[in-house]
Amino acid sequence: MAELQVEIVAADHFVWAGPAKLVKARSVDGEIGVLPGHVPTLTVLAAGDLEIDPVSEARFSVRIDGGFFSVDHDRVVIVADNAVVNAA
């Protein structure tokens with residue numbers, strides 16, 4: 001099964017990294033959803049929640065205050081101004 005390699009960092013701390021099946025976010029142009037095989041993308045993120053569906057963990061979300069979202073060869077890198085994992 002194909003998977004994404006995801007890394008989320010904030011300006012001042014590491015947030016999360018690992019394999020995922022799906023990443024959803026709100027860009028300044030609207031919602032973006034990424035599955036394995038997605039075309040390369042670079043976009044500016046709006047404030048809101050990232051939704052991560054990890055391969056071997058429960059789905060969770062991360063509240064961000066904006067940042068950048070990059071996709072290339074099934075690797076997703078999110079650099080957020082500020083990021084906090086939402087409590088379950």
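In this chain, residues are counted from 1 in sequence order.
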Worksheet entry | Closest heavy-atom pair and its distance - P40, D72 | CG-OD1, 3.7 Å
Discussion item. Please determine whether the number of non-hydrogen atoms from other residues, nucleotides or ligands lying under 6.0 Å from atom NE2 of H13 exceeds 12.
Written reply: yes
Item to complete: For D53 and L22, indicate whether the former's side chain and the latter's backbone hold a donor-acceptor pair under 3.5 Å.
Response: no
Item to complete: Identify the heavy atoms of A83 and A10 that sit nearest to each other, and give their distance.
Response: N-CB, 3.9 Å
Item to complete: Could you please spell out the steps behind the side chain to side chain contact (heavy atoms under 4.5 Å, CB included) verdict for N86 and E51?
Response: CA-CA 10 Å; N86 290 329; E51 194 171 310; over 6 Å; no
Worksheet item: Using a side-chain heavy atom cutoff under 4.5 Å and only I, L, V, M, F, W and Y, what cluster partners does V15 have?
Response: L4, V6, I8, W16, V23, I32, V34, L45, L50, I52, F60, V62, I64, F69, V71, V76, I78, V85
Worksheet entry | By side chain to side chain donor-acceptor pair (under 3.5 Å) - contacts of E31 (at least two apart) | R26
Worksheet item: So, does T41 use its side chain to make a donor-acceptor pair with the main chain of V39 at under 3.5 Å?
Response: yes
Worksheet item: Where do K21 and P36 come nearest, in terms of heavy atoms and distance?
Response: O-CD, 3.5 Å
Worksheet item: Is there a donor in the side chain of E3 and an acceptor in the side chain of Q5, or the other way round, less than 3.5 Å apart?
Response: yes
Worksheet entry | Atom of D74, atom of G37 and distance for their closest heavy-atom approach | OD1-N, 2.6 Å
Item to complete: Please report the shortest heavy-atom distance between S27 and T43, naming the atom on each side.
Response: CB-OG1, 3.5 Å
